Protein chains: 2
Amino acid sequence: MADVARLAGVSQTTVSFVVNNIEAGLPESTKRRVLEACAKLNYSPNEAARRLASKISRAIGLAIYDIMALANYRQSAGVVLASVYQAAEARGQRLQIYTTHERKENGTDVGTYFAVPVRSREVDGIVIWDQYVAEERVTAAFEEGLPIVLLDRRIGEVPAVVPDYELGFSSLADSLLDRGYERFCLALRRGSCYRDVHAKEAFISRVTSKGLPANCIDIVELDIEAEVGPTLDSEIADRMLSTNPQALVCTYDTIALAAMAAFRKRGMRIPQDIAVVGCAGVPAAADPEYDLTTLHIRYDLMADHAVDMVLRMVKGERVSGSCVAVAPELIVRSSA
Amino acid sequence: MADVARLAGVSQTTVSFVVNNIEAGLPESTKRRVLEACAKLNYSPNEAARRLASKISRAIGLAIYDIMALANYRQSAGVVLASVYQAAEARGQRLQIYTTHERKENGTDVGTYFAVPVRSREVDGIVIWDQYVAEERVTAAFEEGLPIVLLDRRIGEVPAVVPDYELGFSSLADSLLDRGYERFCLALRRGSCYRDVHAKEAFISRVTSKGLPANCIDIVELDIEAEVGPTLDSEIADRMLSTNPQALVCTYDTIALAAMAAFRKRGMRIPQDIAVVGCAGVPAAADPEYDLTTLHIRYDLMADHAVDMVLRMVKGERVSGSCVAVAPELIVRSSA
DNA sequence: GTGAAAGCGCTAACAC
DNA sequence: GTGTTAGCGCTTTCAC
């Protein structure tokens with residue numbers, strides 16, 4: 001930088017102003033001279049130094065549970081990462097990736113505990129997309145004052161961006177009812193996952209409010225750790241078909257895709273013998289072999305909100321308790 | 001840090017030694033006192049400061065052409081990113097993502113030109129996975145002395161890690177010949193892409209060396225910009241089938257998957273009517289609806305090599321001209 | 001409009 | 001074994 005200043009015949013301060021595009025009323029001629037000197041010397045400001053001096057890093061982190069989920073096309077990891085990257089880049093932020101999955105090595109946790117990089121100012125803040133990380137960890141980090149935002153999950157007062165499942169599953173119910181479906185199987189995860197709880201509630205209340213009996217919806221709770229793989233146990237498929245439903249509504253695309261494959265193996269046609277609907281909008285849902293009707297979670301819009309919130313927290317704004325709900329989009333394809 | 005030193009009753013130097021795990025023969029008791037003080041004060045060393053002082057960032061970059069490819073399950077982007085992440089983490093490096101795709105905004109290139117972050121020491125080095133970035137850019141960065149390694153591509157003397165296509169397509173030919181296939185269609189991209197050139201050469205020479213006539217291989221060159229989408233033009237399918245081949249060998253999984261769908265739409269059975277083989281090992285290939293036999297590119301092993309090479313370059317080792325070729329693995333599934 | 005100078009919070013060479 | 005000290009390369013306040 002000193003070299004640039006010397007070559008341009010100005011002080012370091014001036015170079016700094018020009019490089020950082022700071023409005024100090026510098027005449028165009030000075031700016032040009034500095035820029036030319038930069039180009040001639042192939043100068044790029046040292047990022048560590050500017051971070052140290054300015055106390056911000058212009059980088060944010062994305063904490064995801066398991067990086068290998070990126071290679072799983074039945075999960076949304078790739079979509080989430082790409083969306084957050086684009087949101088970050090659009091706001092001039094670098095993106096750094098962290099894994100929250102805990103790993104132990106001779107006793108001590110070597111996993112990248114997501115609070116560390118933001119505490120050490122490696123990133124200014126972090127977006128957390130992880131269904132499994134313990135609530136206390138997140139709460140503790142938030143109470144420490146670290147800029148963190150949850151994606152697709154809600155924990156206490158921690159700022160969050162979630163899909164509007166009420167709206168989504170209500171309109172899904174409307175759409176199915178409009179098209180004459182009257183007997184449903186609702187497949188969801190056992191437990192009290194955010195999505196399953198809200199989806200179930202919304203779907204049932206909309207269907208019954210339209211005058212159909214509550215028993216027209218058969219609930220199947222699946223004991224799946226994470227998202228199911230490419231196949232579904234035969235007895236689960238039996239269970240789904242036991243009340244002879246006209247449509248299978250799943251809270252996850254992965255379940256829907258696995259069910260489609262299981263049904264087809266039995267010679268059933270989709271949607272003639274049974275319609276299938278999923279939720280997420282994973283890449284595989286759009287595959288012509290599946291062509292799954294799904295409630296598409298708008299991770300692109302969610303990422304924009306999440307990054308904005310992080311940046312606002314970095315600036316010191318109070319965002320405690322704020323939660324943005326983004327409407328999912330019903331994508332009707334040939335499976336229902 | 002000064003607070004920690006005060007609380008532990010030592011100097012900053014000692015704290016630095018302990019925090020960075022430097023062997024200075026410190027007694028256990030001192031280490032413990034320092035660690036306790038760190039814990040009590042919830043201290044994480046400022047990353048910008050240590051990067052500035054130590055002149056290394058302990059972070060590497062991954063430059064990929066198009067981040068949205070991550071959401072495309074017929075491309076390997078997710079696998080590549082996950083593999084490089086794991087390789088980086090295993091070596092104690094942070095991973096930062098960059099997009100090389102050029103974007104213009106009111107005249108000037110706002111894309112993250114991959115040389116900048118390493119020149120500004122934001123990362124120590126960078127792995128480039130991009131089939132499209134101009135050779136001059138890469139060469140220029142390399143000659144500037146920046147630690148860069150190419151993945152899946154070769155440009156002059158720039159260090160690279162590539163799949164061993166000769167080995168892979170030779171063994172693929174062996175496998176098909178062993179199983180009685182004698183008439184092939186080889187589908188590849190027009191032009192002189194690294195993979196296509198090497199695959200074609202290796203496949204043909206192995207097949208003819210086994211005594212079959214050269215005309216038993218019908219070559220179809222596809223004009224596809226990037227990787228093809230989920231469908232294939234009807235006339236292309238016609239062309240592939242025109243010499244009545246027993247097996248279609250594709251240099252990309254995406255082509256193979258699209259061909260399978262096109263063939264099935266015509267009522268053909270796979271592999272009875274025509275066998276199909278791909279190359280890459282994209283997530284969709286393993287889908288039960290496709291179950292594609294493929295030459296699996298070992299991005300996991302390649303990433304290990306690539307990160308190692310970058311780190312060696314960072315340390316100042318001369319690696320000019322070095323290129324690691326990693327053997328692909330033939331995964332035989334039901335499509336061939 | 002431009003410059004001088006004081007840090008930012010560490011690391012590492014050198015003393016002791 | 002532990003401490004002192006001189007930077008690392010910028011940003012930013014305050015003078016001029």
Side-chain angles (χ1 to χ4, degrees), chain A residues 1-38 41-59 92 94 116-124 314-315, chain B residues 1-38 41-59 92 94 116-124 314-315:
Chain A
M1 190 167 186
D3 294 343
V4 173
R6 204 172 308 124
L7 182 60
V10 297
S11 71
Q12 279 204 30
T13 309
T14 305
V15 175
S16 179
F17 283 170
V18 173
V19 167
N20 294 310
N21 238 315
I22 290 173
E23 265 317 323
L26 294 178
E28 279 304 318
S29 61
T30 306
K31 286 188 189 174
R32 187 170 8 263
R33 274 214 318 290
V34 172
L35 258 12
E36 276 165 10
C38 287
L41 296 176
N42 208 2
Y43 167 78
S44 298
N46 181 301
E47 189 61 28
R50 60 198 313 194
R51 286 182 184 185
L52 178 59
S54 68
K55 298 184 172 178
I56 58 167
S57 63
R58 279 157 266 106
R94 296 297 196 197
V116 172
V118 24
R119 205 183 289 132
S120 67
R121 314 273 26 194
E122 195 177 313
V123 291
D124 293 331
V314 171
K315 276 194 280 178
Chain B
M1 190 168 184
D3 295 343
V4 173
R6 203 174 309 123
L7 182 59
V10 296
S11 72
Q12 279 203 30
T13 309
T14 305
V15 175
S16 179
F17 283 168
V18 173
V19 167
N20 293 309
N21 238 315
I22 290 174
E23 265 318 323
L26 295 177
E28 278 305 318
S29 60
T30 306
K31 287 187 188 173
R32 186 171 8 266
R33 274 214 317 289
V34 171
L35 258 12
E36 276 165 10
C38 286
L41 296 177
N42 208 1
Y43 167 78
S44 298
N46 181 302
E47 189 61 28
R50 61 198 312 197
R51 287 182 183 185
L52 179 59
S54 68
K55 297 184 172 181
I56 58 167
S57 62
R58 279 156 266 105
R94 296 296 195 198
V116 172
V118 24
R119 206 184 288 132
S120 68
R121 315 276 20 197
E122 194 177 314
V123 291
D124 293 330
V314 171
K315 276 193 281 176

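Convention: sequence-line order gives letters A, B, ...; per-chain numbering from 1. Because the structure is a prediction, the values reported are computed rather than measured.
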*Could you state the CG-P distance from B:N46 to D:dC10, rounded to the nearest angstrom?*
17 Å
*Mind running a 4.0 Å heavy-atom check of residues 48-58 of chain B against DNA chain D and sending the residues that fall below it, in number order?*
B:L52, B:A53, B:K55
_Atom pair CZ/CG of B:R51 and B:N46 - distance to nearest 0.5 Å_ = 10.0 Å
_Side chain proximity check, A:E122 to B:R58, heavy atoms < 4.5 angstrom_ = no
*How long is the gap from NZ on B:K31 to OG1 on B:T14, to the nearest 0.5 Å?*
12.0 Å
*Whole-Å distance between D:dT12 C1' and A:M1 CE?*
11 Å
*Gap separating the CG atom of A:L41 from the CE atom of A:M1, nearest 0.5 angstrom*: 12.5 Å
*Would you say B:R94's side chain and B:A59's backbone share a donor-acceptor pair under 3.5 angstrom?*
no
_Counting only side-chain nitrogens and oxygens, does A:N20 get under 4.0 Å of the OP1 or OP2 atom of D:dT11?_
yes
*For residues A:A8 and A:A37, report the shortest heavy-atom separation together with the two atoms involved.*
CB-CB, 4.0 Å
*Listed in order of residue number, which residues of residues 11-18 of chain A have a non-hydrogen atom at under 4.0 Å from DNA chain D?*
A:Q12, A:T13, A:S16, A:F17
*Take the protein atom CD of B:E122 and the nucleotide atom P of D:dC10, then report the distance between them rounded to whole Å.*
14 Å
*Considering non-hydrogen atoms only, spot the tightest contact between B:A2 and B:Q12 and give its length.*
CB-NE2, 3.8 Å
_Salt-bridge contact A:E47-A:R50 (side-chain N to carboxylate O under 4.0 Å)_ = yes
_Spacing of A:R6 atom CZ relative to D:dG9 atom P, expressed in whole Å_ = 13 Å
*asked:* Would you compute the distance between atom CZ of A:R121 and atom CG of A:L52 and round it to the nearest 0.5 angstrom?
replied: 12.0 Å
*Between B:C38 and B:V4, which heavy-atom pair has the shortest distance, and what is it?*
SG-CG1, 3.8 Å
*For chain A, the stretch of DNA chain C it reaches, first to last nucleotide, under 4.0 Å of its heavy atoms*: C:dG1 to C:dG9
*Nearest-angstrom distance from the residue atom CG of A:N21 to C1' of D:dT11*: 15 Å
_Member of A:L26, A:V34, A:V10, A:T30 meeting the side-chain contact (heavy atoms from CB on, under 4.5 Å) criterion with A:F17_ = A:L26
